[in-house]
Amino acid sequence: MPYSLLLNSHTMKILAKQLILATATATCLAASAQLSEREQAYLAQKGEIVFVSQPRHAPFEFLHKKQVSGMNVELVQWMAADLGFKARFEVAPLTEAMEMLRKGEADAMTSLFHSSEREAEFEFTQSLKTTPVCLYVRSDRTDIESIYGLEGKRVAIMGSGRALEVLQQHDISTEIKFVPTTEECVELVLSGKSDAMIGNELVTQHHLYDTGEGGLRVVGEPLFTARLCMAVAEGNRDLLSILEKGIASAQKSGTLYKIQAKWLGSEYSRHALPLKTILVYTAIAASAVALALLTILAWNRKLQHTVAERTRQFAESEERLRQIFENSPDAVFVLDPEGHILSANSSACALVKMEKQDLLKKSVYDLVPAPFHGEVTDNMHKWFSGELKQCEGVSMDSAGTVRPIEMTGTLQNLGGRTVLQLHARDIALRKEAEDKIHAARQIAEDAKEMAENASQAKSEFLANMSHEIRTPLNGIVGMAQLLADTPLTSEQQNCVDTVLQSTSGLLNIINHVLDISKIEAGQMDVHPSSIDLRELCDNLYYMFQPLAERTGIQLSFACQESVPPYVVGDEGLIDQILVNLVGNALKFTHHGSVTLNIECPRKTPAGAEIYFQVIDTGIGIAKEKQATVFEKFIQADGSTKRLYGGTGLGLAISKQLVELMGGKIGLISSPGKGSTFYFNLTLPQSDLASIPRETEREKAKTVNRPGIRVMLVEDNQVNQKVAIAILRKAGCEVVAVDNGQDAIQRIRQQPFDVVLMDCQMPVMDGFEATAHIRRMRKPLCDIPIIAITAHAMKDDKQKCIEHGMDDYIAKPVGRQALVDIINKHTA
Ligand code: ADP
């Protein structure tokens, strides 16, 4: 028995179908939709293929505005075009459509779910889509949660007997109602006429959302998977083969996928959103995209506007910067680290007298004279290391003219590289002005020095003058004093007194001139010591009392209780001021009184503020003259000199001395009524009693060691005589020599206790002689040497001490002063 005879008819059908599918696929793989001659003949003979589609089987097929549409319809239309046959579409619900196929009124169904039951009547193409079949209930039903909940319930099933099979497999007995369309199934469930429905998920969902009905929900897992195919009538193998080739061609070309993606979505799944939602979402997404696009467009427009505005602003600011750069009064160069000129403004061109195009070919070294190149290299290094910010230098123009410049530099970033922006300024004029100022300063300094020298010269002149005057005066006073000590007739006594009075006046003038020159030369020093102002007051009283008596002026001197017992100050200077003021008061007072009042209104930590007043009832001073009486050589009125004598220096000296001690001097005066001269000094209080001043009566008139040996070294014969007379009278043995050289010789020959040495002498002066003596052997070298000189300046005393002398006494030497100083050094 041939093997083929063993096969039953069903198996044969399957084999035949496999064969058609394999052939179609193979053909398609070889060449797109190549139809066999038989198939072509079939099509030619048929003229058109009639397809029947269901009106409500979206998304596979449906009627829309009397036009059949849907996934399978579109696929058939593509296949017809691809294979070159004419397709006509009829529309009929499922059962009618199957009937039309059975009766030959239609050649193929565009879609029919495969089931083994239907396989007996229809030939199925390969599966176009597999979709789950699910159990649906009305949304408000909670009693059915799975297929088992269907027991005893009414279930609507669409078309296929496969659902019935599943129910039977699960041994569930239900009241089944078969309906031809999904629409009717849904209607039954929603109306409550059926408790549930079993339907293709894809079609059911599509229907629900297409109609807007949302009252159903899926229950449990899908019951089975249905395969959607096209179908032809049983035995119509030619058409089946043609459809398979068409489907295979659509698969191969990607058309099938595209069509399915179009109708089902590219990633269709059981939980994929329904078309309506997709459309809604798509619309929303499209709107969002459109909105976004519009926003982007608007933003883009705004951005364009902003960019345009910024570009304009940038261009403007760039232009402004360029203008600033170009019109800067400074010469501006932009240099690279090697010194190449990258940019320069018009002032730079003017500075170096070059056209810009020429300047931009140069380096900084071309603009500086060769001797300065080393300095330029150093500076370039410092500019670029940030070490240098400003300096002076020189520039050279194209004509070779060199001028001083001042430069300031800043580092800039130019397109990623560091450059130096150098501002240079011609400072020739400034330098010239500086030179002039310097020269003017020099002249002023020279003038000052000259003035100082002149002042010094004046001081020296005054010192010399006083020396020249003092020397003969010394002789006159000395001799007059000696004469006064001899027995004289009253007439002779009168003459001697007049001589002494006149010399005293002359000495007073010389002392004033000398004081002023000392003060002006800054040589007047303050020598503080402990002072008893009451004693000072008494002494002044004793000093002036005889004169007051003679002139009938009442003298009253008082030191108030408020004044501390001892203060620290320069007694000599205070005494000098008071002598001057009281002297003036007595001089300018013809009747009435002269009062000295010393009081202490305030005591501060700095000291006691002592207030000195000299009050007279004299001629007074006119208001307009009061301010000038403290000036040098000024007298209150032209007749003063004639009537009263004087130099006009006393008050000037007093003022200078008060100020030297940190005080102030002033006056209150009323012409015809009298004057009050006052000054104040702040003097620290002292615990120490001042060394008791010897009164005139107590002073020693002789030396302490009678018979001491004095060598007098003096070239002026008059002065020699005076001094010898005084010294002998004071109890000394005197040897006189005329110069330093004789003094050295005598000192070697015989012993002396003290030497009185003049400074300026012929042959050898006192300084040189002293130096010689100090180099002698002991004890000769230790002999006290007292300088006795007409030089009264501060330097002179210093000079004497520096040259080895022990002390100093100024001419004209008074008897007492001489005795005192000898006693001091021969104790
Ligand atoms: P001198 O007294 O040597 O002229 P002063 O400098 O001491 O110089 O005084 C300056 C002038 O001030 C005097 O010439 C005099 O005109 C005036 N003068 C000073 N003291 C008095 C006084 N007590 N009364 C009036 N006039 C005075």
Side-chain angles (χ1 to χ4, degrees), residues 462 465-466 469 473 501-520 524 537 540-541 543-545 547-558 572-598 611-661 663-680:
L462 288 172
M465 275 295 290
S466 68
I469 297 167
L473 198 58
Q501 211 176 343
S502 301
T503 50
S504 155
L506 185 56
L507 199 59
N508 195 36
I509 293 169
I510 292 167
N511 282 341
H512 274 175
V513 171
L514 198 61
D515 281 346
I516 275 291
S517 56
K518 269 180 170 180
I519 292 166
E520 285 180 355
M524 188 67 88
C537 190
L540 282 169
Y541 181 82
M543 185 188 223
F544 285 105
Q545 211 266 338
L547 178 62
E549 254 180 26
R550 276 203 303 272
T551 54
I553 303 297
Q554 194 193 335
L555 207 59
S556 74
F557 284 14
L573 296 186
I574 295 170
D575 188 63
Q576 191 176 340
I577 297 161
L578 287 172
V579 165
N580 188 35
L581 295 183
V582 174
N584 275 350
L586 283 169
K587 187 160 79 171
F588 295 107
T589 303
H590 303 301
H591 43 78
S593 62
V594 168
T595 306
L596 168 65
N597 182 47
I598 306 174
Y611 190 54
F612 301 84
Q613 282 171 296
V614 177
I615 308 154
D616 67 53
T617 55
I619 60 169
I621 304 167
K623 195 137 190 87
E624 66 276 10
K625 300 284 179 187
Q626 289 177 11
T628 58
V629 291
F630 292 103
E631 290 175 19
K632 280 181 288 181
F633 304 108
I634 295 290
Q635 294 183 318
D637 94 45
S639 60
T640 306
K641 190 154 189 78
R642 185 168 36 83
L643 294 172
Y644 302 97
T647 57
L649 284 172
L651 288 180
I653 292 167
S654 298
K655 182 174 189 281
Q656 301 262 23
L657 295 180
V658 167
E659 288 172 0
L660 192 66
M661 290 186 283
K664 272 193 178 153
I665 192 166
L667 80 100
I668 302 162
S669 184
S670 180
K673 291 187 177 165
S675 309
T676 300
F677 281 82
Y678 60 85
F679 65 97
N680 68 327

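A quick note: this is a predicted structure, and the numbers were derived from the prediction, not measured. Counting convention: from 1, in listed order, for ligands and their atoms alike.
Heavy-atom separations between F677 and ligand 1 include at least one value shorter than 4.0 Å. Ligand 1 lies nowhere less than 4.0 angstrom from a heavy atom belonging to G618.
Partner of F612 under the ring pair (Phe, Tyr, Trp, His ring centres under 6.0 Å) criterion, out of F679, F557, F677: F679 alone.
Shown in contact with G620 at under 4.0 Å from a heavy atom are these atoms of ligand 1, numbered in order with element: 25 (C). Listed by number with element, the atoms of ligand 1 under 4.0 Å from a non-hydrogen atom of G650 are 5 (P), 6 (O), 7 (O), 8 (O). With ligand atoms numbered from 1 in the order given, ligand 1 contributes 2 (O) to contacts under 4.0 Å with heavy atoms of K587. Near V629, the atoms of ligand 1 lying under 4.0 angstrom from a non-hydrogen atom of the residue are 12 (O). Heavy-atom contacts of L649 reach the following atoms of ligand 1: 6 (O), 8 (O) (cutoff under 4.0 Å).
A 6.0 Å sphere centred on CE of M661 holds more than 12 heavy atoms belonging to other residues, nucleotides or ligands.
Nearest residue to atom 2 (O) of ligand 1 from N584, D616, L667 is N584 (criterion: closest heavy atom). Among I621, V594, V582, L651, the residue whose heavy atom sits closest to atom 9 (O) of ligand 1 is L651.
The minimum heavy-atom distance between L555 and A548, with the atom names listed, is CD2-CB, 3.9 Å. Counting all heavy atoms, side chain and backbone alike, Y678 lies closest to I668 at CE2-CG1, 4.0 Å. The minimum heavy-atom distance between K664 and V658, with the atom names listed, is N-CG1, 3.4 Å. Taking both residues in full, the closest heavy atoms of T589 and I553 are given as O-CD1, 3.6 Å, listed atom of the first, atom of the second, then distance.
Among residue pairs with one or both ends in residues 611-622, those qualifying as side chain to side chain donor-acceptor pair (under 3.5 Å) are N597-Q613; sequence neighbours excluded.
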